[in-house]
Every structure is written in C-alpha cells, then in structure tokens.
Amino acid sequence: PGLEKYHGQKINLTEAITREAISAVEKSVQQDTPFYLYMAHYAVHAPFEPNRKFLPNYQKESWKKHQKTYASMLEGMDHSLGQLLDTLDHLKIADNTIVIFMSDNGSPGNNPQNLPLRGSKISGYEGGTRVPLIVHWPNVTPKNQRTDSPVIIEDIYPTFLEFAGIEITEKSDGWSFTDILKKPTTDRSQRPLFWHYPNLYHLPPYSSVRLGHHKLIHWHLNGKLELFDLKYDIGEKTNLASQQVQKVKELASLLGDHLRETKAFRLTKKDSASPVPYPDEL
C-alpha cells in the first residue's frame with residue numbers, strides 16, 4: 001500500500017522504500033523544515049526473498065539457497081543505508097542530522113546465531129534480545145567510542161524528544177540516553193531492564209530482568225529460574241542460581257514487583273486454571 005507506482009516493476013521492496021525515503025528527505029530540505037525519518041527495512045525479515053540486484057554476487061558460492069538469498073538481502077539493506085547517508089552528504093545536512101541504526105531482535109532460528117550469544121530471536125537469552133545500536137550525533141558523540149551502559153528500545157522515544165528539545169510531560173517506560181552519548185562511561189548499572197514474553201509461539205515463554213551485569217530469567221512453564229553474570233559469561237553457559245541464592249531473591253523480587261505494577265499478562269495453567277506464579281513466589 002502506498003507504493004502502487006512500483007507495482008509490476010522488477011524492483012525489490014528495499015529499493016522502492018529507499019527511493020521514497022530519499023524523496024521525503026529531499027522534500028523536507030527543499031521546504032527548509034526539520035524532518036524525522038523512521039526507515040524500517042522489511043529486509044532482512046521473512047519472507048526471505050532474494051534481492052535481484054545483489055544475488056549474482058553470491059551465485060558462485062557453495063552455499064545453500066537460503067544463505068545466498070539472505071546475503072543478497074543483507075547487501076541490499078547495506079546499500080540502502082549507504083544511499084541514505086550519501087543523500088545527507090549531497091544535501092549538505094549530514095552535520096545537522098542525527099543518525100541511529102539498530103535492530104529490534106536477534107537472529108532468527110533458521111540463520112546462524114550471533115555467537116558468542118546464546119539463543120535466537122524470541123529466546124530469553126542474549127541472542128534473542130541483545131542487538132546493535134549505533135548513534136552518530138554530529139559534534140556530540142565521540143568518534144570510534146563504544147559504551148557498556150545498557151539501554152533498551154523503550155529509551156528511543158524520550159531520547160528523541162530530548163534531541164528535539166521537547167519536554168517529556170507523560171510517564172515513559174524509557175530513559176533518555178543522551179547522557180550516555182555525551183559521556184560513554186556513564187554508569188547505569190542500577191537501572192533495571194525488563195523483558196516479558198508470555199507467549200506460546202514456538203519458544204518457551206519467559207520473563208527476565210537485568211540489573212548491572214546480572215540477569216535473571218524466569219521460565220513460565222516449569223518455573224525454573226536461571227541467573228547469569230554477563231560480565232564473565234556473555235554466552236550464558238553457567239546458571240549461577242544455586243550458588244547465588246541471595247542475588248536470585250533480589251532479582252526475583254524486582255521482577256515480580258514490576259510485573260504486578262504493570263499488570264503484566266500471565267499464562268494460566270490448564271490443570272488448575274490458576275495463573276503462572278510470579279518469580280518471587282517460587
């Protein structure tokens with residue numbers, strides 16, 4: 001919808017929406033108005049369809065068909081991002097435009113894992129939730145710097161409002177991370193991050209909390225609690241729950257309070273018609 005002029009053409013969706021994005025930016029610059037561009041590529045998501053322009057680059061590889069398809073989609077998205085950044089340079093607004101690149105979840109199960117992270121998309125492990133986040137704020141963000149201060153996708157909204165100089169008047173689940181962008185060593189170790197997935201899709205439902213470098217996962221179906229120290233075990237290979245009982249109690253209480261406060265949806269057991277216990281009730 002909205003892309004009817006491309007219907008019937010031999011053009012991939014990535015290229016079509018890139019053209020539209022560039023056109024929107026050019027129009028804003030011509031009108032001398034600020035713009036906010038949210039560019040969400042359908043690639044590299046399912047359905048996996050080869051990018052005609054880049055698929056020939058992989059035909060000689062001894063890969064499976066899906067691997068070649070996925071590689072062409074990745075290159076197509078990468079090319080699109082390059083075109084968008086080139087547009088900022090061409091319009092001479094690169095020095096006055098904040099650019100953020102991120103993903104919303106980890107690699108899907110039919111693709112290689114983001115090693116050394118454990119698990120894939122939807123999983124409660126880091127392979128499902130830890131994603132890249134790259135921010136360029138001209139004349140503010142230090143070059144070639146990275147930070148270990150954790151943020152979560154809910155933080156994008158209040159951060160953008162602060163970028164625009166707009167006061168946040170309503171309650172937000174997120175925290176602006178402009179302070180981290182200005183100072184990558186900013187300490188956010190005492191700010192908890194929560195995930196809640198009470199869904200019987202194709203991976204087990206869970207709730208989890210991260211505080212500092214510790215992370216607790218509550219698996220709903222069997223009531224199991226897992227504790228990991230991400231500072232030393234980013235691959236989540238060693239469950240420390242039996243060794244650090246007090247830390248488990250602390251994080252289970254934190255997670256349970258959050259689920260109650262937000263009235264989070266809970267699964268119901270068929271045999272008893274009772275909801276799955278909160279993690280601090282186990």
Side-chain angles (χ1 to χ4, degrees), residues 1-7 11-46 51 73-106 121 129-147 149-184 186 188 191 193-195:
L3 297 173
E4 286 79 8
K5 65 183 178 184
Y6 299 103
H7 291 186
I11 181 174
N12 277 80
L13 182 57
T14 295
E15 184 173 351
I17 61 176
T18 300
R19 290 184 188 181
E20 292 300 300
I22 290 174
S23 176
V25 171
E26 290 175 337
K27 183 177 179 180
S28 293
V29 173
Q30 290 170 0
Q31 296 175 346
D32 195 27
T33 58
F35 67 88
Y36 165 66
L37 173 68
Y38 173 58
M39 177 64 166
H41 295 81
Y42 288 81
V44 290
H45 200 281
N51 190 308
M73 295 173 72
L74 280 169
E75 187 171 357
M77 187 185 74
D78 189 55
H79 183 71
S80 165
L81 295 170
Q83 288 180 299
L84 290 169
L85 293 176
D86 287 345
T87 298
L88 301 182
D89 288 331
H90 174 71
L91 296 174
K92 295 181 172 52
I93 58 172
D95 291 338
N96 192 33
T97 305
I98 299 171
V99 178
I100 292 186
F101 172 82
M102 73 173 300
S103 176
D104 59 348
N105 52 246
K121 172 183 175 180
T129 56
R130 182 184 288 249
V131 297
L133 172 62
I134 303 172
V135 182
H136 174 58
W137 185 357
N139 303 313
V140 176
T141 46
K143 293 183 178 180
N144 302 318
Q145 293 286 313
R146 60 184 298 163
T147 178
S149 295
V151 299
I152 197 166
I153 199 166
E154 290 94 318
D155 297 340
I156 290 286
Y157 174 60
T159 301
F160 280 7
L161 291 184
E162 190 167 344
F163 284 160
I166 298 173
E167 183 180 355
I168 302 175
T169 57
E170 72 275 16
K171 183 179 180 181
S172 171
D173 290 329
W175 290 17
S176 171
F177 54 81
T178 57
D179 54 341
I180 299 177
L181 298 178
K182 295 175 181 178
K183 185 181 179 183
T186 298
R188 284 208 174 175
R191 184 264 180 111
L193 301 179
F194 299 98
W195 292 264

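Residue numbers run from 1 in the order of the sequence given. Heavy atoms only: backbone and side chains are in, while hydrogens, waters and symmetry mates are out.
- The two atoms that bring Ala21 and Leu84 nearest to each other are CB-CD2, 4.0 Å, heavy atoms only.
- Shortest non-hydrogen contact noted between His41 and Thr18 is NE2-OG1, 4.4 Å.
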Residue pair Trp195, Ile152: steps toward the side-chain contact (heavy atoms from CB on, under 4.5 Å) verdict: CA-CA 10 Å; Trp195 292 264; Ile152 197 166; 4.0 Å; yes

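- Summarising the geometry, atom CG belonging to Asn105 is positioned 9.5 Å from atom OG1 belonging to Thr129; distances are rounded to the nearest 0.5 Å.
- With hydrogens and angles ignored, the 3.5 Å screen pairs no side-chain donor or acceptor of Asp32 with any backbone N or O of Val29.
- Residues Thr178 and Glu162 have side chains that bring a donor and an acceptor to within less than 3.5 angstrom of each other.
- To the nearest 0.5 Å, the span separating CG on Leu193 from CZ on Arg188 amounts to 9.5 Å.
- Proximity of Leu181 to Thr186: side-chain heavy atoms (C-beta onward) are nowhere separated by under 4.5 Å.
- With Glu4 contributing its side chain and Gly2 its backbone, the two residues share a donor-acceptor pair below 3.5 Å.
- In this model, no donor atom of one side chain and acceptor atom of the other lie less than 3.5 Å apart for Glu15 and Tyr6.
- Rounding to the nearest 0.5 Å gives a distance of 9.5 Å between CD of Glu26 and CD1 of Ile93.
- Distance CG/Leu3 to NE2/His7: 6.0 Å, rounded to 0.5 Å.
- Inter-residue side-chain proximity for Lys5 and Glu20 is flagged as met; some heavy-atom pair is nearer than 4.5 Å.
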Test Val25 against Leu37 for side-chain contact (heavy atoms from CB on, under 4.5 Å), laying out the working first. CA-CA 8 Å; Val25 171; Leu37 173 68; 4.0 Å; yes

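- Rounded to the nearest 0.5 angstrom, Asp95 CG and Asp89 CG are separated by 8.5 Å.
- Listed here is the closest heavy atom pair of Ser176 and Thr159: CA-OG1, 3.4 Å.
- In this structure the side chain of Met102 reaches within 4.5 angstrom of the side chain of Ile153, judged on heavy atoms.
- Around the OH atom of Tyr38, the shell of radius 6.0 Å holds no more than 12 heavy atoms that belong to other residues, nucleotides or ligands.
- For the residue pair His45 and Lys121, a side-chain donor N or O sits within less than 3.5 Å of a side-chain acceptor on the partner.
- Ile100 has its side chain within reach of Phe163: a pair of non-hydrogen atoms, C-beta onward, lies under 4.5 Å apart.
- Checking side-chain atoms of Ser80 against main-chain N and O of Gly76 turns up no donor-acceptor pair under 3.5 Å.
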Evaluate Asp155 against Tyr157 for side-chain contact (heavy atoms from CB on, under 4.5 Å), listing each step before the verdict. CA-CA 6 Å; Asp155 297 340; Tyr157 174 60; over 6 Å; no

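- Other residues, nucleotides and ligands place no more than 12 heavy atoms under 6.0 Å from the OH atom of Tyr42.
- Rounding to the nearest 0.5 angstrom, the gap separating the CG atom in Asn12 from the CE atom in Met77 is 14.0 Å.
- Glu75 is not listed as a side-chain neighbour of Asn51, based on a closest heavy-atom distance of 4.5 Å or more.
- The shortest side-chain heavy-atom distance between Ile180 and Val151 falls under the 4.5 Å cut-off.
- Heavy atoms only, all atoms of each residue included: Thr147 and Pro184 are closest at OG1-O, 2.6 Å.
- No donor-acceptor pair under 3.5 Å is formed between the side chain of Ser23 and the backbone N or O of Arg19.
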Can you list the steps and then say if Val135 with Phe177 is a side-chain contact (heavy atoms from CB on, under 4.5 Å)? CA-CA 11 Å; Val135 182; Phe177 54 81; 4.3 Å; yes

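- Crowding of Asn96 atom CG: a count of heavy atoms from other residues, nucleotides or ligands under 6.0 Å not exceeding 12.
- With Ser28 contributing its side chain and Ala24 its backbone, the two residues share a donor-acceptor pair below 3.5 Å.
- More than 12 non-hydrogen atoms from other residues, nucleotides or ligands lie less than 6.0 angstrom from CD of Glu170.
- A 4.5 Å side-chain heavy-atom check between Asp104 and Val131 finds every atom pair outside the cut-off.
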